[in-house]
Amino acid sequence: MISTQDWADTRRLWDYHQMGHTPRPCSVAIGLGSHDLGVADTAAELYRTGMAPLLVFTGATSPTTQERMPRGEAVHYRERALDLGVPSSAVLVEPRARNTGENIRFSRELLEEAGVDVSSVLLISKPYEERRAYATARKLWPEVEIVSTSSPMTLDEYVDSIGDARLVIDMLVGALQRLLIYPAQGFMISQQVPGDVTEAYERLCRHGFTSRLLRDEAGQARSQARR
């Protein structure tokens, strides 16, 4: 059972995970691989509206995408973008990355090898991973400007698209945990987390929304949140 308080806490996390950046023209748009083809749809729309002259899709496969995207997340994203009218000459594919850090590092290497001058990046992720993607990119590629964006969806729309409300809450909780513990591990920059967000996170953890937490790390995350 998902209570009224659980939903209120989930909305706090959802709002915090979204950066609120307004897309603007950038050197390149990078779509981070996942199960969500909406990333490719958003990238194609940004290309169509002149926000980026070049798209990079990055991602191998994972346990959650192996069956749905057997050729790799980046390859399937490219195919989707081409179906939506993006010319093949405007798409680069990075097929090796298996986490957000590798998405950024390998995309950067690919663009350097292609001789693309990058001063700004439109970084496209799932809606609840905007902040994680931004924080990772700022750590690994600090000299470029990062505009973090995603498909324009409300929480209710996203829950409907996934079809599993509890899984969505678990994913939001897991993403928040990583924002709390990854800076100390050198994976991303540290960002201020408001008190009401950490309190909402802790309540959701106590109420059992923990399937996407890193193993043995939930206690550490809550401890760091209170400092």
May I ask you to decide if [Y]'s main-chain N or O and [X]'s side chain share a donor-acceptor pair within less than 3.5 Å?
X	Y	result
H17	A175	no
R96	A60	no
H21	V147	no
R71	V75	no
D6	S3	yes
Y77	S34	yes

**Asked** If you link I, L, V, M, F, W and Y whenever their side-chain heavy atoms are under 4.5 Å apart, who else ends up in the same group as V56?
**Response**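 Members other than V56 - counting any ILVMFWY side chain reachable under 4.5 Å - are M19, V28, I30, L32, L54, L92, I104, L110, L111, V116, V118, V121, L123, Y134, L140, W141, V144, I146, I189.
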**Item:** Option from L37, L122, I124 for which side-chain contact (heavy atoms from CB on, under 4.5 Å) with T42 holds
**Value:**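 Only one of L37, L122, I124 forms a side-chain contact (heavy atoms from CB on, under 4.5 Å) with T42, namely I124.
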**Message:** Going by side-chain contact (heavy atoms from CB on, under 4.5 Å), V173 matches just one of L13, D9, V168. Which one?
**Reply:**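 Of L13, D9, V168, side-chain contact (heavy atoms from CB on, under 4.5 Å) with V173 is met by L13 alone.
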With the side chain counted from C-beta on, respond yes when [X] and [Y] share a heavy-atom pair under 4.5 Å apart, and no when they do not.
X	Y	answer
L84	Y47	no
R132	T136	yes
Y16	R11	no
D36	P127	yes
I162	H35	yes
E73	T58	no
S151	E157	no
H207	E202	no

**Prompt:** For R80 and V39, what are the C-alpha separation, side-chain angles and deciding distance, and is it a side-chain contact (heavy atoms from CB on, under 4.5 Å)?
**Reply:** CA-CA 10 Å; R80 179 64 163 250; V39 172; over 6 Å; no
Distance in Å, [X] [atom1] paired with [Y] [atom2], rounded so as to fall on 0.5 Å steps:
X	Y	atom1	atom2	value
Q5	T10	CD	OG1	9.5 Å
S125	N103	OG	CG	10.0 Å
E102	E109	CD	CD	10.0 Å
H76	T61	NE2	OG1	9.5 Å
D160	T154	CG	OG1	8.0 Å
L155	D15	CG	CG	8.5 Å

Considering all heavy atoms of both residues, which atom of [X] and which atom of [Y] are nearest to each other, and what is their separation?
X	Y	result
A74	P95	CB-CA, 4.5 Å
S120	P25	OG-O, 4.3 Å
V193	V197	CG1-CG1, 3.8 Å
M188	K139	CA-CB, 3.6 Å

**Message:** Among Y128, Y201, Y158, exactly one meets ring pair (Phe, Tyr, Trp, His ring centres under 6.0 Å) together with W14. Which residue is that?
**Reply:**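 Running ring pair (Phe, Tyr, Trp, His ring centres under 6.0 Å) over Y128, Y201, Y158 with W14 returns exactly one hit, Y158.
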Answer yes if the side chains of [X] and [Y] hold a donor-acceptor pair under 3.5 Å, and no otherwise.
X	Y	value
E130	S150	yes
E94	S107	no
S119	S27	yes
Q18	R131	no

**Request:** Report, as yes or no, whether the 6.0 Å neighbourhood of atom CG on D117 holds more than 12 heavy atoms from other residues, nucleotides or ligands.
**Result:**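 At most 12 heavy atoms, drawn from other residues, nucleotides or ligands, come within 6.0 Å of this atom.
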**Prompt:** Is the shortest distance from a Lys or Arg side-chain nitrogen in E143 or R108 to a carboxylate oxygen in the other one below 4.0 Å?
**Reply:**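 So E143 pairs with R108 through a salt bridge.
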**Request:** Test R98 against S62 for side-chain contact (heavy atoms from CB on, under 4.5 Å), laying out the working first.
**Result:** CA-CA 7 Å; R98 296 185 180 277; S62 70; over 6 Å; no
**Message:** Does the structure place the NZ or CZ of R166 under 6.0 Å from the centre of the six-membered ring of F209, at an angle of no more than 45° from the ring's axis?
**Reply:**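 Output yes; distance and angle both within limits.
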**Request:** With R78 as the cation and F57 as the aromatic partner, state whether NZ or CZ is under 6.0 Å from the six-membered ring centre and within 45° of the axis.
**Result:**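 The answer is no; the distance or angle limit is not met.
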**Asked** With the 4.5 Å side-chain cut-off for hydrophobic clustering, are F106 and F187 part of the same group?
**Response**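 Not linked; separate clusters.
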